[in-house]
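Shown next, in C-alpha cells, is the structure this report addresses.
Residue numbering restarts at 1 for every chain, and letters A, B, ... go by the order of the sequence lines. Computed from a prediction, not measured in an experiment: that's the story for all the values here.
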Amino acid sequence: MLEGAPCTFANVFARPRPPTRSQPRPFMNIFGLFERRVADAVQRLVEAGRVPAGIDVSRVLVEPPRDASHGDLATNAAMAIAKAARLNPRELAALIAADLETDPRIASVSVAGPGFINIALHPAVLHEVVRVALADPESYGRSGQGAGRSVNVEYVSANPTGPMHVGHGRGAVFGDALASLLAFAGFAVTREYYVNDAGAQVDVLARSAYLRYREALGEKIGAIPEGLYPGDYLKPVGATLADLHGRALLDKPEGEWLPTVRAAAIADMMTLIREDLAALDIRHDVFFSERSLAGGATDEIAATIAELRGRDLVYEGRLPPPKGQLPEDWEDREQTLFRATQFGDDVDRPLLKSDGSYTYFAADIAYHRSKFVRGFGRMIDVWGADHGGYVKRMTAAVTAVTAGQAELDVKLCQLVRLLRRGEPVKMSKRSGDFVTLREVVDEVGRDSARFMLLYRKNDATLDFDLAKVVEQSKDNPVFYVQYAHARIASVFRQAGRVVDPADADLSCLADETEIELQRRIAQFPRLVEAAAAAHEPHRVAFYLYELAGVFHALWNKGKDLPQLRFVKQDDEASTRARLALLGALKGVLAAGLGILGVSAPEEMR
RNA sequence: GGCUGCGUAGCUCAAUGGAUAGAGCGUUGCGCUUCGAACGCAAAGGUUGGGGGUUCGAGUCCCUCCGCGGUCGCCA
C-alpha cells in the first residue's frame, strides 16, 4: 500500500464460485408437487362447471399435517377458495377430495375440521423420495427456487479497528449460513464485506497505532489517552511500523505520517479479522473498500449525489431538531439532504457533515448503488440490532438509487449474552474490555459456536453458555445432531457395506417411527425453500434437531425391540431397507449441517 | 417523546394466517444388573402481556395501552 494512496484497502473480488446446481427436480418437493395437483383438481371443477372460473389459488397450500395420524399431506384449499367458489368449505372439500382420490399416488383422502383435506400417500411415494435422497445426497433438497438469480449478502462489515467480539460473530455466522442457504436454494450468491476504512474511526486507529510505534522505538507512552484504542493488539502494528520506517515518522506532523500509519493499521486489522473469520470457516468473496468510493478514479459518492440531485431527490434545507431532549451542540443549519421521506423514512437525511465531508450514509448510498451496478437486484445486509434506526433510510436509499429495481432486506442480529453455567461472563482480557470472538471459538470449537449462534431467530437475543455448548449430552443440540450423523456412520461401519437404492425394498419399513423418518426426509426440500424465502437459517437448525430426535427415538426403540435393529443377520431385506433409509437420512443431516457450516462427523471423539 | 425489535409453560425458546399452540431444561412418576443407556417411557404444566379490530379461521395481520431492550443531525 503506497503512502498517500487514495485507497488504503483495495476492493478485492474473488473469482466466482462454481455455479450452483439448480436443476429443478419437481419430484423432490412433494408438497410443491401436490400443490400443483390440488390446483389441477380445482381447475377440473371449473371445467365441469362446479365452481366459477378465475379462482385465485395462490393461497392454497399443501403442508405437513399437524398430527401425523392425519396422513402425509394436508391442504387448506377448500377454505382458501370457498368464498370465491361460492360453496361452503366442507362441500367444496368433498369435491376436491373426490378428484384427488382418483390419483394413483394417493392412498386415501379425508375431509376434517372446518374443511381441511388430509391426504395419505401411497407408501411408494415416500419410498421414491428416500431413493432420490439416497441416490444423490449432494443435490437432494436443492431447488430451482433461486433460478440462478444474483443475491448479494453483506455481513460482518466490522470496523477494522480491532478484534471481533461475540456480537460480530453472530452476524458473521448468520450471514454466512444465510448465504449458503440461498446458494442451496439455487441463487447465485456473493458474500461481501464492506470495509469501513474511511472516516474518523480509522484516524483514531492510526493515532493509536502511532503511539504503539513510538512505544516500539523505546518511548515511554504511559497510559493510553482517553479516546484512543487501548488494546494490546496494536503493539505488533507499532512494531512492524518501527521495523519498516525506523525513526523516520517520529518528528513529522500528523498530516504526514497519518495516511501511512492508517493504511498499515487497517491492513493489519483486516488480516486479524480475516483470521478470526477463518476460525469460523467464513470466507467472503468480495471485500469492498469504503475509501475507494470517493478516492478512486471517479468520486462515486459525488456521482451518486449528483444523480439523485438530478432527480430532485437531494436538496438544501433545514431539519427539525430531534424530539425529546435537544442535543447540547444542536445547531440549526442548512444542509444537503436526501429526500428519504419520499420513500417511507421519517425525516430527510443529511449527506454532508458540517465540515463538508460526506456522512457515512452518503458513502453507504454510493456503496449500495455499486451493488446494483454490479448486477445485484437482491441485496441482504446483516447488521447488529443497534443499527436498527438506520434501516428505513437505507431501504429508502436503495429504492431511490435503483429506481425501485432492486430490493434490500436488512436482517438485524440481536445481542449475544455470554454466560458460563448461567452466570454472565465479564472478563477483561488483552483486547480491552470485551471477550473476543476468537477466545470463544478457541474455547468451544467452530461447530459448537456456529450451531449455537444459529439456534435462535436472528431478532431474538441469544444466551450463549460456554459450559453448555461443549457438553456431550442430549441438552446440547450441536452434539445431538452430530451424534445422529455419527451413529448412522457407525451403523454402516458395522454393516460393512453401502446400499444401492435400486436394491432395497422399502416396503419393509413398516414401523411408525420409520415412516415418520421418511416423512421428515420428504419435508427437507420444503423446509429449505421456506427458510430461504424467509431469510431464516435458524429454521434449518431446528429442523435438524427434530430430525435427529426422530432418529434417536428409532435407535432407542431397537434397544427394546430387536426386530427393529438396523442390521439383522437373518433378514437381508429389512437390513437393506433400513440401511437405505439411514443412508438417505445421513445425507440430509450432512446437507443441513453443511448449510449451517457445521461438520458432519463420522464418529464422535 | 419519535422510530424500531421483543413479550408464548417455572426457565430458555419454536410455530409461510390453519385443526387440540409445540420442543428442550426443570419438576413428578416409572423403567434400565450398560454386549444399541455419552439414558428411555410417561405425566403435570398455557386466557400466547391487556383490550379492540380484520378474517371462515389470529401467537401470527391492523389499532391502542402496558412492560423490556435498541436507537434518535454533523459516529460508523
Taking atom P in both B/G5 and B/C62, what distance in whole Å separates the two?
9 Å

Between the protein and nucleotides 27-31 of chain B, list the N/O to N/O atom pairs that are separated by less than 3.5 angstrom.
none

Which value, in whole Å, describes the distance between the C1' atoms of nucleotides B/U60 and B/U8?
11 Å

Which part of the nucleic acid, if any, lies within contact of A/Phe566, taking any heavy atom under 4.0 Å across all strands shown: a base, the sugar-phosphate backbone alone, or nothing?
base

Integer angstrom distance from the C1' of B/A23 to that of B/C61
26 Å

Taking the P atom of each, how far is B/G36 from B/A15, in whole Å?
38 Å

For a quick check, with a 4.0 angstrom heavy-atom cut-off, what is the B/S/- contact string for nucleotides 71-76 of chain B, read 5' to 3'?
S-BBBB

Examine A/Arg393 relative to A/Phe338 and say whether NZ or CZ is less than 6.0 Å from the centre of the six-membered ring and inside a 45° cone about the ring axis.
no

Assess whether a salt bridge exists between A/Arg519 and A/Glu512, defined as any Lys/Arg side-chain N lying under 4.0 Å from an Asp/Glu carboxylate O.
yes

Below the 4.0 Å mark, does B/A38 have OP1 or OP2 next to a side-chain nitrogen or oxygen of A/His552?
no

With a 3.5 Å cut-off and just heavy-atom distances, do the side chain of A/Asn118 and the base of B/A19 make a donor-acceptor pair?
yes

Polar pairs (N or O, both sides) under 3.5 Å between protein and nucleotides 55-59 of chain B?
unit_1 : atom_1 : unit_2  : atom_2 : d
B/C56  : OP1    : A/Lys83 : NZ     : 2.3
B/C56  : N4     : A/Arg59 : NH2    : 3.4
B/G57  : O6     : A/Arg59 : NH2    : 3.1

Taking A/Met79's backbone N and O only, do any of them form a donor-acceptor pair with A/Asn76's side chain (distance below 3.5 Å, no angle check)?
no

Under a cut-off of 3.5 Å for both distances of each Watson-Crick or G-U pair, what dot-bracket string does RNA chain B give, using [ ] for crossing pairs and | for inter-strand pairs?
(((((((..((((....[...)))).(((((.......))))).....(((((..]....))))))))))))....

Pairwise N/O distances under 3.5 Å, protein to nucleotides 41-47 of chain B:
none

Taking B/G52 as the reference, what is the distance to B/C11 when you measure between their C1' atoms (whole Å, please)?
32 Å

C1' atoms of B/C65 and B/G73, separation to the nearest Å
31 Å

Would you tabulate the side-chain donor-acceptor contacts of residues 154-164 of chain A under 3.5 Å, counting partners in other chains and residues two or more places apart, or write 'none'?
unit_1   : atom_1 : unit_2   : atom_2 : d
A/Glu154 : OE1    : A/Lys371 : NZ     : 2.9
A/Glu154 : OE2    : A/Ser157 : OG     : 2.9
A/Tyr155 : OH     : A/Asp176 : OD1    : 3.0
A/Ser157 : OG     : A/Tyr194 : N      : 3.0
A/Asn159 : ND2    : A/Gln201 : OE1    : 2.8

Cation-pi geometry met for A/Arg526 and A/Phe31 (6.0 Å, 45°)
yes

Is it true that the side chains of A/Arg539 and A/Tyr543 contain a donor and an acceptor less than 3.5 Å apart?
no

Can A/Phe116 be classed as stacking with the base of B/A19, given a centroid separation cut-off of 5.5 Å and a plane angle cut-off of 30°?
yes

